[in-house]
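Structure first, then comments.
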Amino acid sequence: MFKENILLAKYGSYKIGGPARYFFHAKTDKDIITALKNRNKNDGFFILGGGTNILFDDNGFDGLVLKPDLKNISVKKNVIIAGAGVLMEDLLDFCVEHSLSGLEWAGGLPGTLGGAVRGNAGAFGGEIKDSVLAVSSIDSSNLKLIKRKNSQCKFDYRSSVFSAEGACLPVGMACLSGRQGKEIILSVELKLKPGDRSTVKNAIEEKISYRRLRHPIEHFNIGSIFKNVAFDSVSKKHHALFLKAVKKDPFPVIPAAFLLSEAGLKGVALGGAMISPKHPNFIVNVLSAGSADVKNLIALAKYKIKKDFQIELEEEIIYL
Ligand SMILES: Cc1cc2nc3c(=O)[nH]c(=O)nc-3n(C[C@H](O)[C@H](O)[C@H](O)COP(=O)(O)OP(=O)(O)OC[C@H]3O[C@@H](n4cnc5c(N)ncnc54)[C@H](O)[C@@H]3O)c2cc1C
């Protein structure tokens, strides 16, 4: 049931990364419980969604990668109940099919619903938390099932209770990403509004077109590398410069892309990785990049932004 030595590059949108020692595809909640019961408790484990926000290391992961492929989806009145493994794209198709409005902002957002909830994904002023009614999860340490209402999920900017540090690695070892939660999201209840089918469809397609135009999706990537920076957290010294770039996300932020562009980092390349000239908050895999190429570019960008603007950029991506 546990597969061995599975190349992680195959499971991520970056196409970077060495092998996972063990890999488990869970099709049901029961599968997840079985995997958690039978895993070697001395090994670390990692939960994988669509792999669209993760930089896998070339050396791979010496533990268990658990992929909850829970794809059930149903609707009652305006409430959708969907498994964590449902792709956002499929969830949006389902919304269109049932003329439900509320998730149009997510048009073109890659990855799974579980990944989106864990990181409170957002775009165009919307966030997944705006539609979440409740989240069901399992605590990997004691196999307890938990159901939380929205208010108990501690949603914040690109974070939630599920991204809090948890038991992803054996006691005594630091968490590799520093962010892996110990709970596995199983399913999510989303409250939507009745809408007009073609209006919902058009709004989603508008977002997809915008992304196609602005994002360097012609290259392998994992989305925005850095979080945008809260405008009220930066020194007044640069306010005049930053004011022209401030946007709501959903609070006033300076886009990391703007800072990287101002710092002259567009198009800077190391090995096979490059800071995209099209959207500098994307580091694209242009020429069979290794994880070290990306890490070195991230370090360079952080150094330069600190030097030029006294701002500590924080990664949005997850390292494994
Ligand atoms: C082209 C592109 C554009 C993007 N645009 C946006 C954007 O506009 N806004 C935005 O917020 N993000 C964006 N992203 C980043 C990414 O798509 C989102 O963060 C997405 O929600 C991640 O989902 P995933 O299933 O791929 O998660 P993964 O990348 O597989 O995992 C991300 C994290 O979630 C955890 N996780 C995944 N599933 C579960 C689960 N069931 N239970 C518990 N933890 C879980 C993982 O352990 C990991 O820590 C973009 C990425 C790309 C490639």
Side-chain angles (χ1 to χ4, degrees), residues 8 11-15 17 26 29 32 44-56 61 64-71 82-91 105-129 135-140 146 153 155 157-166 168 175-188 207-208 210-212 214-228 249-250 255-257 276 278-279 281-285 315-320:
L8 290 169
Y11 286 94
S13 55
Y14 234 161
K15 307 297 170 212
D29 296 5
I32 293 180
F45 84 96
F46 185 82
I47 310 153
L48 176 63
T52 63
N53 211 207
I54 306 171
L55 173 56
F56 295 119
F61 178 60
L64 167 66
V65 170
L66 176 59
K67 186 165 168 56
D69 256 344
L70 313 170
K71 301 242 189 233
V86 170
L87 292 175
M88 288 304 294
E89 192 186 344
D90 294 342
L91 177 61
W105 61 267
L109 180 78
T112 63
L113 177 59
V117 168
R118 180 258 178 216
N120 186 25
F124 305 105
E127 288 179 303
I128 197 78
K129 76 165 173 50
V135 181
S136 298
S137 62
I138 183 165
D139 185 323
S140 56
I146 303 163
C153 292
F155 286 119
Y157 180 57
R158 303 293 176 267
S159 71
S160 71
V161 71
F162 308 102
S163 58
E165 211 163 313
C168 69
C175 189
L176 283 179
S177 65
R179 300 216 216 133
Q180 176 69 51
K182 66 170 175 168
E183 283 178 40
I184 301 167
I185 299 168
L186 300 175
S187 66
V188 185
K207 308 292 182 292
I208 296 175
Y210 179 94
R211 284 174 185 272
R212 277 204 193 115
R214 300 289 193 95
H215 294 172
I217 48 180
E218 59 280 14
H219 296 297
F220 300 131
N221 71 83
I222 47 173
S224 294
I225 297 289
F226 301 107
K227 294 182 181 179
N228 291 329
D249 184 33
S276 167
K278 191 172 177 183
H279 190 311
N281 201 15
F282 283 60
I283 294 181
V284 287
N285 176 2
E315 288 94 322
E316 184 172 316
I317 57 154
I318 311 297
Y319 294 99
L320 184 72

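Everything numeric here is computed off the predicted structure, so don't read it as measured data. Both counts, for ligands and for their atoms, begin at 1 and track the order of listing.
Of all atoms in ligand 1, numbered sequentially from 1 with element shown, those under 4.0 Å from a heavy atom of N221 are 1 (C), 2 (C), 52 (C), 53 (C). Counting atoms of ligand 1 from 1 in the listed order, those under 4.0 Å from a heavy atom of L48 are 30 (O). Interface of I47 with ligand 1, defined as ligand atoms under 4.0 Å from a residue heavy atom, comprises 39 (C), 40 (C), 42 (N), 43 (C), 45 (C), 46 (C), 47 (O). Remark: ligand 1 atoms within the under-4.0 Å shell around heavy atoms of G111 are 23 (O), 24 (P), 25 (O), 26 (O). Interface of R158 with ligand 1, defined as ligand atoms under 4.0 Å from a residue heavy atom, comprises 11 (O). Proximity to I184 (heavy-atom distance under 4.0 Å) selects the following atoms of ligand 1: 42 (N).
Applying the side chain to side chain donor-acceptor pair (under 3.5 Å) rule to N221 yields no partners; only residues at least two apart in sequence or on another chain are considered. Every residue two or more places apart in sequence or in another chain that forms a ring-ring contact (aromatic ring centres under 6.0 Å, His included) with F124 is listed here: Y210.
Nearest to atom 10 (C) of ligand 1 by heavy-atom distance, out of S163, G122, A123, G85, is G122. Between A106, G108, P110, A121, it is P110 that holds the heavy atom closest to atom 52 (C) of ligand 1. When the heavy atoms of G51, G223, S160 are ranked by distance to atom 30 (O) of ligand 1, first place goes to G51.
Y11 contributes no side-chain N or O that, together with a main-chain N or O of L48, makes up a donor-acceptor pair within less than 3.5 Å. With hydrogens and angles disregarded, a donor-acceptor distance shorter than 3.5 Å links the side chain of R211 to the backbone of G107. Between the side chain of R158 and the backbone N or O of N120, at least one donor-acceptor pair lies under 3.5 Å. Distance alone, capped at 3.5 Å, is enough to place a donor-acceptor pair between the S160 side chain and the R118 backbone.
The backbone and the side chain of T52 each have at least one atom closer than 4.0 Å to an atom of ligand 1 (non-hydrogen atoms only). When heavy-atom distances to ligand 1 are checked against a 4.0 Å cut-off, A84 comes that close only through its side chain, counted from C-beta outward.
Not close to ligand 1: M88, with no non-hydrogen atom less than 4.0 angstrom away. At least one heavy atom of F46 sits less than 4.0 Å from an atom of ligand 1.
For the side chain to side chain contact (heavy atoms under 4.5 Å, CB included) with S13, the qualifying choice from I54, N285, I222 is I222, the only one to do so. Of the options S140, S137, S136, a side-chain hydrogen bond (donor to acceptor under 3.5 Å, both in side chains) to E183 is made by S137 and by none of the others. Remark: of the listed residues H219, E218, H215, E218 is the sole one forming a side-chain hydrogen bond (donor to acceptor under 3.5 Å, both in side chains) with K278.
Of the polar atoms of L109, none of the N or O atoms is found under 3.5 Å from an N or O of ligand 1, judged by distance alone. Considering backbone and side-chain atoms alike, N120 places every N or O at 3.5 Å or more from each N or O of ligand 1. The shortest N/O to N/O separation between T112 and ligand 1 falls below 3.5 Å. On a distance-only criterion, I217 and ligand 1 share no N/O pair closer than 3.5 Å.
When every heavy atom of G108 is checked against every heavy atom of I208, the shortest pair comes out as N-CG1, 3.4 Å.
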